[in-house]
Amino acid sequence: MSNIQMVDVRGQYLHIKNEVDAAIQEVIDSCAFINGPKVKSFQANLESYLDVNCVIPCANGTDALQIALMALDLNVGDEVIVPAFTYVATAEVIALLGLTPIMVDVDPDTFNVTADIVRSALTENTKVVVPVHLFGQVTGEMDEIMDLAKAHNFYVIEDNAQAIGANYKHKNGKTLKSGTIGHIGCTSFYPSKNLGCYGDGGAIYTNDEQLGINLRKIANHGQAKKYHHDVIGCNSRLDAIQAAVLDVKLKRLDQYCEAREKAATYYDHNLSGIDGLSTPVREKKSSHVFHQYTLKEKSGKRDTLKEYLKEKGIPSMVYYPVPLYNQEAFRHYAPGIELVATEQLCKEVISLPIHTEMNYEMQDIIIEAVKSFYS
Ligand SMILES: *Cc1c(COP(=O)(O)O)cnc(C)c1O
(Lines give C-alpha, C1' and ligand atoms only; values in the text may rest on other atoms or scores of the structure.)
Protein backbone atom coordinates (compact mmCIF):
# COMPACT_ATOMS: atom_id res chain seq x y z
CA MET A 1 0.00 0.00 0.00
CA SER A 2 1.18 3.52 -0.73
CA ASN A 3 1.17 5.97 2.14
CA ILE A 4 -0.17 8.82 0.06
CA GLN A 5 -2.46 11.19 1.96
CA MET A 6 -4.94 13.84 0.83
CA VAL A 7 -3.01 16.35 2.95
CA ASP A 8 0.23 15.94 4.87
CA VAL A 9 0.02 18.20 7.90
CA ARG A 10 2.66 16.21 9.76
CA GLY A 11 5.20 16.19 6.92
CA GLN A 12 4.89 19.96 6.67
CA TYR A 13 5.26 20.35 10.44
CA LEU A 14 8.52 18.38 10.47
CA HIS A 15 10.18 21.05 8.29
CA ILE A 16 9.23 23.83 10.72
CA LYS A 17 9.19 21.83 13.95
CA ASN A 18 11.89 23.77 15.80
CA GLU A 19 10.35 27.13 15.04
CA VAL A 20 6.78 26.01 15.79
CA ASP A 21 7.73 24.23 19.01
CA ALA A 22 9.62 27.29 20.26
CA ALA A 23 6.73 29.61 19.39
CA ILE A 24 4.24 27.38 21.25
CA GLN A 25 6.60 27.09 24.23
CA GLU A 26 6.88 30.87 24.32
CA VAL A 27 3.10 31.18 24.69
CA ILE A 28 3.03 28.62 27.47
CA ASP A 29 5.91 30.34 29.29
CA SER A 30 4.17 33.70 29.03
CA CYS A 31 0.75 32.29 30.03
CA ALA A 32 -0.75 34.92 27.69
CA PHE A 33 -3.18 32.41 26.23
CA ILE A 34 -5.97 34.80 25.27
CA ASN A 35 -5.47 37.90 23.08
CA GLY A 36 -1.82 38.11 24.03
CA PRO A 37 1.07 39.52 21.99
CA LYS A 38 1.14 36.47 19.67
CA VAL A 39 -2.41 37.17 18.54
CA LYS A 40 -1.57 40.86 18.03
CA SER A 41 1.55 40.09 16.02
CA PHE A 42 -0.21 37.53 13.82
CA GLN A 43 -3.00 40.03 13.21
CA ALA A 44 -0.51 42.70 12.14
CA ASN A 45 1.43 40.29 9.95
CA LEU A 46 -1.73 39.09 8.23
CA GLU A 47 -2.84 42.71 7.68
CA SER A 48 0.41 43.44 5.95
CA TYR A 49 0.42 40.18 3.94
CA LEU A 50 -3.11 40.86 2.68
CA ASP A 51 -2.53 44.61 2.43
CA VAL A 52 -5.79 45.23 4.25
CA ASN A 53 -6.73 47.74 6.98
CA CYS A 54 -8.31 45.46 9.58
CA VAL A 55 -7.88 41.79 10.38
CA ILE A 56 -10.06 40.41 13.17
CA PRO A 57 -8.85 36.97 14.26
CA CYS A 58 -11.65 34.65 15.46
CA ALA A 59 -12.38 31.08 16.50
CA ASN A 60 -13.04 29.43 13.11
CA GLY A 61 -14.15 30.09 9.55
CA THR A 62 -17.83 29.48 10.27
CA ASP A 63 -17.77 32.10 13.03
CA ALA A 64 -15.99 34.47 10.65
CA LEU A 65 -18.92 34.22 8.21
CA GLN A 66 -21.47 34.56 10.99
CA ILE A 67 -19.80 37.63 12.51
CA ALA A 68 -19.50 39.20 9.05
CA LEU A 69 -23.27 38.86 8.56
CA MET A 70 -23.96 40.11 12.10
CA ALA A 71 -22.02 43.30 11.38
CA LEU A 72 -24.24 44.29 8.46
CA ASP A 73 -27.42 45.32 10.27
CA LEU A 74 -29.67 42.83 8.52
CA ASN A 75 -33.26 41.91 9.31
CA VAL A 76 -34.99 38.56 9.51
CA GLY A 77 -36.03 37.55 5.99
CA ASP A 78 -33.35 39.53 4.17
CA GLU A 79 -31.96 37.51 1.29
CA VAL A 80 -28.39 36.34 1.01
CA ILE A 81 -27.24 34.84 -2.27
CA VAL A 82 -24.95 31.84 -1.87
CA PRO A 83 -23.76 29.12 -4.27
CA ALA A 84 -25.47 25.74 -3.86
CA PHE A 85 -22.16 24.04 -4.59
CA THR A 86 -20.18 24.81 -1.43
CA TYR A 87 -19.42 23.61 2.07
CA VAL A 88 -22.45 23.81 4.35
CA ALA A 89 -20.96 26.48 6.64
CA THR A 90 -21.49 29.22 4.06
CA ALA A 91 -25.28 28.77 4.06
CA GLU A 92 -25.63 27.52 7.63
CA VAL A 93 -24.79 30.86 9.23
CA ILE A 94 -27.26 32.64 6.97
CA ALA A 95 -30.06 30.35 8.12
CA LEU A 96 -28.90 30.49 11.74
CA LEU A 97 -29.34 34.28 11.78
CA GLY A 98 -32.87 34.03 10.41
CA LEU A 99 -31.83 35.33 7.00
CA THR A 100 -32.95 33.61 3.81
CA PRO A 101 -30.33 31.74 1.80
CA ILE A 102 -30.93 32.08 -1.94
CA MET A 103 -29.03 29.17 -3.41
CA VAL A 104 -27.69 29.75 -6.90
CA ASP A 105 -25.80 27.76 -9.51
CA VAL A 106 -22.09 28.02 -10.36
CA ASP A 107 -20.08 28.07 -13.54
CA PRO A 108 -19.50 24.38 -14.41
CA ASP A 109 -15.85 25.01 -15.35
CA THR A 110 -14.58 27.26 -12.56
CA PHE A 111 -17.02 26.10 -9.84
CA ASN A 112 -17.56 29.77 -8.89
CA VAL A 113 -20.57 32.08 -9.27
CA THR A 114 -20.66 34.54 -12.16
CA ALA A 115 -22.12 38.06 -12.33
CA ASP A 116 -24.96 36.79 -14.55
CA ILE A 117 -25.89 34.12 -12.03
CA VAL A 118 -25.94 36.72 -9.26
CA ARG A 119 -27.88 39.22 -11.39
CA SER A 120 -30.64 36.78 -12.16
CA ALA A 121 -31.16 36.01 -8.46
CA LEU A 122 -31.39 39.64 -7.31
CA THR A 123 -34.63 40.87 -5.73
CA GLU A 124 -35.43 43.99 -3.71
CA ASN A 125 -34.70 41.91 -0.59
CA THR A 126 -31.15 41.00 -1.63
CA LYS A 127 -28.83 42.41 1.03
CA VAL A 128 -25.71 40.27 0.70
CA VAL A 129 -23.95 38.08 -1.84
CA VAL A 130 -21.41 35.52 -0.63
CA PRO A 131 -19.12 34.37 -3.45
CA VAL A 132 -17.16 31.29 -2.39
CA HIS A 133 -13.67 31.13 -3.92
CA LEU A 134 -13.93 27.39 -4.34
CA PHE A 135 -10.92 25.07 -4.35
CA GLY A 136 -8.41 27.93 -4.34
CA GLN A 137 -9.18 30.51 -6.98
CA VAL A 138 -10.92 33.85 -6.68
CA THR A 139 -14.36 34.17 -8.28
CA GLY A 140 -13.29 35.57 -11.68
CA GLU A 141 -16.12 38.06 -11.99
CA MET A 142 -15.55 39.78 -8.63
CA ASP A 143 -15.15 43.12 -10.45
CA GLU A 144 -18.55 42.74 -12.13
CA ILE A 145 -20.14 41.49 -8.89
CA MET A 146 -18.79 44.57 -7.06
CA ASP A 147 -20.29 46.78 -9.79
CA LEU A 148 -23.63 45.05 -9.26
CA ALA A 149 -23.26 45.56 -5.51
CA LYS A 150 -22.87 49.28 -6.04
CA ALA A 151 -25.80 49.53 -8.42
CA HIS A 152 -28.14 47.37 -6.32
CA ASN A 153 -26.89 48.29 -2.89
CA PHE A 154 -25.89 44.97 -1.41
CA TYR A 155 -22.83 43.81 0.51
CA VAL A 156 -20.31 41.26 -0.70
CA ILE A 157 -18.75 38.84 1.80
CA GLU A 158 -16.05 36.66 0.27
CA ASP A 159 -15.87 33.13 1.62
CA ASN A 160 -12.12 32.87 1.31
CA ALA A 161 -11.70 29.72 3.42
CA GLN A 162 -10.11 27.87 0.49
CA ALA A 163 -8.28 30.60 -1.40
CA ILE A 164 -6.06 32.51 1.04
CA GLY A 165 -2.92 33.66 -0.77
CA ALA A 166 -4.52 33.81 -4.23
CA ASN A 167 -4.04 37.01 -6.25
CA TYR A 168 -6.75 38.80 -8.21
CA LYS A 169 -6.13 41.21 -11.10
CA HIS A 170 -8.51 44.01 -10.20
CA LYS A 171 -9.93 46.21 -12.95
CA ASN A 172 -8.14 49.19 -11.36
CA GLY A 173 -4.88 47.58 -12.48
CA LYS A 174 -3.81 46.52 -9.00
CA THR A 175 -3.28 42.96 -7.83
CA LEU A 176 -5.39 42.31 -4.75
CA LYS A 177 -5.25 39.38 -2.34
CA SER A 178 -8.28 37.11 -2.28
CA GLY A 179 -10.74 38.17 0.40
CA THR A 180 -9.87 41.87 0.11
CA ILE A 181 -11.96 42.66 -2.97
CA GLY A 182 -15.44 42.60 -1.43
CA HIS A 183 -16.64 44.48 1.66
CA ILE A 184 -15.59 41.68 4.03
CA GLY A 185 -13.43 38.58 3.61
CA CYS A 186 -13.59 35.44 5.79
CA THR A 187 -10.99 32.75 6.24
CA SER A 188 -10.65 29.45 8.07
CA PHE A 189 -7.41 28.18 9.59
CA TYR A 190 -8.70 24.60 9.94
CA PRO A 191 -5.62 22.33 9.90
CA SER A 192 -6.07 21.13 6.31
CA LYS A 193 -6.70 24.59 4.87
CA ASN A 194 -3.90 26.28 2.90
CA LEU A 195 -2.94 28.31 5.95
CA GLY A 196 -3.90 25.88 8.69
CA CYS A 197 -3.23 25.94 12.41
CA TYR A 198 -3.14 22.99 14.82
CA GLY A 199 -6.73 23.27 15.98
CA ASP A 200 -9.49 25.69 15.03
CA GLY A 201 -9.01 29.25 13.90
CA GLY A 202 -10.36 31.88 11.54
CA ALA A 203 -10.21 35.53 10.56
CA ILE A 204 -12.35 38.30 9.15
CA TYR A 205 -10.90 41.20 7.18
CA THR A 206 -12.03 44.48 5.74
CA ASN A 207 -10.67 47.76 4.43
CA ASP A 208 -13.61 49.65 5.95
CA GLU A 209 -12.46 50.98 9.33
CA GLN A 210 -15.99 51.37 10.71
CA LEU A 211 -16.94 47.84 9.71
CA GLY A 212 -13.68 46.72 11.29
CA ILE A 213 -14.67 48.29 14.61
CA ASN A 214 -18.10 46.62 14.49
CA LEU A 215 -16.68 43.23 13.54
CA ARG A 216 -14.15 43.36 16.37
CA LYS A 217 -16.86 44.35 18.81
CA ILE A 218 -19.22 41.55 17.76
CA ALA A 219 -16.47 38.92 18.01
CA ASN A 220 -15.91 40.10 21.59
CA HIS A 221 -19.33 39.94 23.29
CA GLY A 222 -20.47 43.17 21.66
CA GLN A 223 -18.09 45.26 23.73
CA ALA A 224 -15.48 47.83 22.72
CA LYS A 225 -14.93 48.78 26.37
CA LYS A 226 -14.77 45.98 28.93
CA TYR A 227 -18.15 45.24 30.56
CA HIS A 228 -19.95 47.73 28.29
CA HIS A 229 -22.00 45.77 25.77
CA ASP A 230 -23.33 47.89 22.90
CA VAL A 231 -24.71 45.11 20.73
CA ILE A 232 -25.35 41.37 20.99
CA GLY A 233 -22.12 39.68 20.06
CA CYS A 234 -20.46 36.34 20.52
CA ASN A 235 -17.31 34.92 22.02
CA SER A 236 -15.04 34.10 19.12
CA ARG A 237 -11.30 34.26 19.70
CA LEU A 238 -8.23 32.89 17.99
CA ASP A 239 -6.20 31.36 20.79
CA ALA A 240 -2.61 32.43 21.24
CA ILE A 241 -1.09 29.00 20.65
CA GLN A 242 -2.81 28.84 17.25
CA ALA A 243 -1.68 32.39 16.45
CA ALA A 244 1.90 31.35 17.25
CA VAL A 245 1.68 28.43 14.80
CA LEU A 246 0.06 30.64 12.15
CA ASP A 247 2.76 33.30 12.44
CA VAL A 248 5.40 30.69 11.61
CA LYS A 249 3.38 29.37 8.68
CA LEU A 250 2.26 32.75 7.26
CA LYS A 251 5.89 33.52 6.37
CA ARG A 252 5.83 30.43 4.18
CA LEU A 253 2.36 30.81 2.70
CA ASP A 254 3.58 31.98 -0.72
CA GLN A 255 6.04 29.11 -0.84
CA TYR A 256 3.23 26.70 0.13
CA CYS A 257 1.00 28.13 -2.61
CA GLU A 258 3.80 27.63 -5.13
CA ALA A 259 4.29 24.00 -4.09
CA ARG A 260 0.59 23.30 -4.60
CA GLU A 261 0.58 25.11 -7.94
CA LYS A 262 3.59 23.10 -9.08
CA ALA A 263 1.90 19.81 -8.16
CA ALA A 264 -1.28 20.92 -9.97
CA THR A 265 0.65 21.81 -13.11
CA TYR A 266 2.25 18.36 -13.09
CA TYR A 267 -1.18 16.72 -12.78
CA ASP A 268 -2.52 18.94 -15.59
CA HIS A 269 0.34 17.91 -17.81
CA ASN A 270 -0.15 14.22 -17.26
CA LEU A 271 -3.91 13.94 -16.94
CA SER A 272 -5.15 16.21 -19.70
CA GLY A 273 -6.32 14.48 -22.85
CA ILE A 274 -7.81 11.46 -21.11
CA ASP A 275 -11.20 10.75 -22.63
CA GLY A 276 -13.87 11.16 -19.98
CA LEU A 277 -11.76 13.25 -17.59
CA SER A 278 -11.36 17.02 -17.41
CA THR A 279 -8.62 18.82 -15.57
CA PRO A 280 -9.29 22.06 -13.63
CA VAL A 281 -10.05 25.24 -15.57
CA ARG A 282 -8.24 28.37 -14.36
CA GLU A 283 -10.01 31.67 -13.77
CA LYS A 284 -8.45 34.30 -16.04
CA LYS A 285 -8.15 37.03 -13.42
CA SER A 286 -7.07 34.93 -10.46
CA SER A 287 -4.09 32.82 -9.56
CA HIS A 288 -4.95 29.34 -8.25
CA VAL A 289 -3.65 28.16 -4.88
CA PHE A 290 -5.15 24.68 -5.31
CA HIS A 291 -6.73 24.00 -1.97
CA GLN A 292 -8.12 21.08 -3.96
CA TYR A 293 -7.13 19.58 -7.29
CA THR A 294 -10.54 18.68 -8.65
CA LEU A 295 -11.21 16.69 -11.80
CA LYS A 296 -14.53 16.10 -13.52
CA GLU A 297 -15.29 12.47 -14.43
CA LYS A 298 -17.57 12.84 -17.44
CA SER A 299 -18.35 9.22 -18.28
CA GLY A 300 -20.49 8.34 -15.28
CA LYS A 301 -17.72 6.35 -13.62
CA ARG A 302 -16.69 8.77 -10.85
CA ASP A 303 -17.56 6.45 -7.98
CA THR A 304 -15.93 3.45 -9.69
CA LEU A 305 -12.77 5.51 -10.22
CA LYS A 306 -12.78 6.48 -6.54
CA GLU A 307 -13.15 2.83 -5.51
CA TYR A 308 -10.42 1.77 -7.97
CA LEU A 309 -7.98 4.32 -6.54
CA LYS A 310 -8.84 3.27 -3.00
CA GLU A 311 -7.95 -0.36 -3.80
CA LYS A 312 -4.55 0.90 -4.90
CA GLY A 313 -4.13 2.76 -1.63
CA ILE A 314 -4.74 6.18 -3.17
CA PRO A 315 -7.18 8.43 -1.33
CA SER A 316 -9.51 10.79 -3.16
CA MET A 317 -12.46 12.90 -2.02
CA VAL A 318 -15.73 14.14 -3.40
CA TYR A 319 -16.26 17.81 -2.58
CA TYR A 320 -19.32 18.05 -2.64
CA PRO A 321 -21.62 15.08 -3.25
CA VAL A 322 -24.98 16.75 -2.45
CA PRO A 323 -26.29 20.17 -3.56
CA LEU A 324 -27.10 22.38 -0.58
CA TYR A 325 -30.77 22.56 -1.54
CA ASN A 326 -31.01 18.75 -1.30
CA GLN A 327 -29.68 18.70 2.24
CA GLU A 328 -32.44 17.86 4.70
CA ALA A 329 -31.75 21.05 6.67
CA PHE A 330 -32.03 23.31 3.63
CA ARG A 331 -34.69 21.63 1.51
CA HIS A 332 -37.51 23.88 2.70
CA TYR A 333 -35.77 27.04 1.51
CA ALA A 334 -36.14 26.07 -2.13
CA PRO A 335 -38.40 23.07 -2.51
CA GLY A 336 -38.00 21.34 -5.84
CA ILE A 337 -35.21 23.46 -7.32
CA GLU A 338 -32.62 21.81 -9.48
CA LEU A 339 -29.57 23.72 -10.65
CA VAL A 340 -27.99 22.25 -13.76
CA ALA A 341 -24.29 22.76 -13.11
CA THR A 342 -24.55 22.01 -9.40
CA GLU A 343 -26.36 18.72 -10.10
CA GLN A 344 -23.77 17.76 -12.70
CA LEU A 345 -20.79 18.66 -10.52
CA CYS A 346 -22.07 16.71 -7.52
CA LYS A 347 -22.01 13.64 -9.77
CA GLU A 348 -18.72 14.34 -11.55
CA VAL A 349 -16.16 15.92 -9.24
CA ILE A 350 -13.30 14.02 -7.67
CA SER A 351 -10.38 15.63 -5.84
CA LEU A 352 -6.92 14.05 -5.87
CA PRO A 353 -4.31 14.38 -3.11
CA ILE A 354 -2.56 17.74 -3.18
CA HIS A 355 -0.42 19.34 -0.49
CA THR A 356 2.86 21.09 0.14
CA GLU A 357 4.87 17.89 0.64
CA MET A 358 3.89 16.35 -2.69
CA ASN A 359 6.67 15.11 -4.96
CA TYR A 360 6.72 13.80 -8.52
CA GLU A 361 7.25 10.18 -7.40
CA MET A 362 4.03 10.29 -5.39
CA GLN A 363 2.22 12.01 -8.20
CA ASP A 364 3.49 9.46 -10.73
CA ILE A 365 1.89 6.67 -8.69
CA ILE A 366 -1.42 8.55 -8.67
CA ILE A 367 -1.19 9.49 -12.36
CA GLU A 368 -0.39 5.91 -13.39
CA ALA A 369 -3.34 4.62 -11.38
CA VAL A 370 -5.73 7.11 -12.97
CA LYS A 371 -4.41 6.32 -16.44
CA SER A 372 -4.67 2.57 -15.90
CA PHE A 373 -8.31 3.02 -14.91
CA TYR A 374 -9.01 4.42 -18.36
CA SER A 375 -6.83 2.06 -20.38
C1 LIG B 1 -13.61 25.23 5.79
C2 LIG B 1 -14.66 26.08 5.22
C3 LIG B 1 -15.50 26.87 6.02
C4 LIG B 1 -15.57 26.77 7.51
O5 LIG B 1 -14.40 26.89 8.21
P6 LIG B 1 -14.28 26.24 9.69
O7 LIG B 1 -13.01 26.81 10.20
O8 LIG B 1 -14.24 24.77 9.53
O9 LIG B 1 -15.46 26.70 10.48
C10 LIG B 1 -16.39 27.73 5.38
N11 LIG B 1 -16.47 27.79 4.05
C12 LIG B 1 -15.71 27.02 3.25
C13 LIG B 1 -15.85 27.16 1.76
C14 LIG B 1 -14.79 26.13 3.80
O15 LIG B 1 -14.04 25.37 2.98
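In each ligand, atom 1 is the first atom listed, and ligand 1 is the first ligand listed.
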Problem - Where ligand 1 meets G61 - atom numbers and elements under 4.0 angstrom, heavy-atom basis - result: 5 (O), 6 (P), 7 (O), 9 (O)
Problem - Row check, F42 ring normal vs K249 NZ/CZ: under 6.0 Å, within 45° - result: no
Practice task
For the pair E261 and R282, find out whether any cationic side-chain nitrogen is under 4.0 Å from an anionic carboxylate oxygen.
Solution key: yes
Handout entry: Ligand-side contact atoms (ligand 1) for residue partner V132, heavy atom cut-off under 4.0 Å
Key = 13 (C)
Exercise for the section: Looking only at protein heavy atoms, identify the closest one to atom 11 (N) of ligand 1 and say how far it is in Å. Expected result: D159 OD2, 2.8 Å
Practice task
Examine L134 against ligand 1 and note whether any of their N/O atoms are separated by less than 3.5 Å.
Solution key: no
Problem - Sub-4.0 Å heavy-atom contact, K193 with ligand 1 - result: yes
Practice task
Indicate the ring-plane relationship of F290 and H288, choosing parallel, tilted or perpendicular according to the 30° and 60° boundaries.
Solution key: parallel
Problem - Ionic contact status for E368 with K312, cut-off 4.0 Å - result: no
Problem - For atom 15 (O) of ligand 1, closest protein heavy-atom neighbour - result: Q162 NE2, 2.9 Å
Practice task
For the residue pair D21 and Y13, confirm or rule out a side-chain donor-acceptor distance under 3.5 Å.
Solution key: yes
Problem - Pair D51 + K174: basic N to acidic O under 4.0 Å - result: no
Completion exercise
Counting heavy atoms under 4.0 Å, the part of T62 that contacts ligand 1 is both
Problem - Backbone or side-chain N or O of S188 under 3.5 Å from ligand 1 N or O - result: yes
Exercise for the section: State whether the shortest distance between N or O atoms of Y190 and N or O atoms of ligand 1 falls below 3.5 angstrom. Expected result: no
Problem - Lys/Arg N to Asp/Glu carboxylate O, D143 vs K169, below 4.0 Å - result: no
Handout entry: Where ligand 1 meets N60 - atom numbers and elements under 4.0 angstrom, heavy-atom basis
Key = 7 (O), 9 (O)
Problem - Salt-bridge present (R119, E141; N to O < 4.0 Å) - result: no
Handout entry: Per-residue contact class, D63 against ligand 1 - non-hydrogen pairs under 4.0 Å
Key = neither
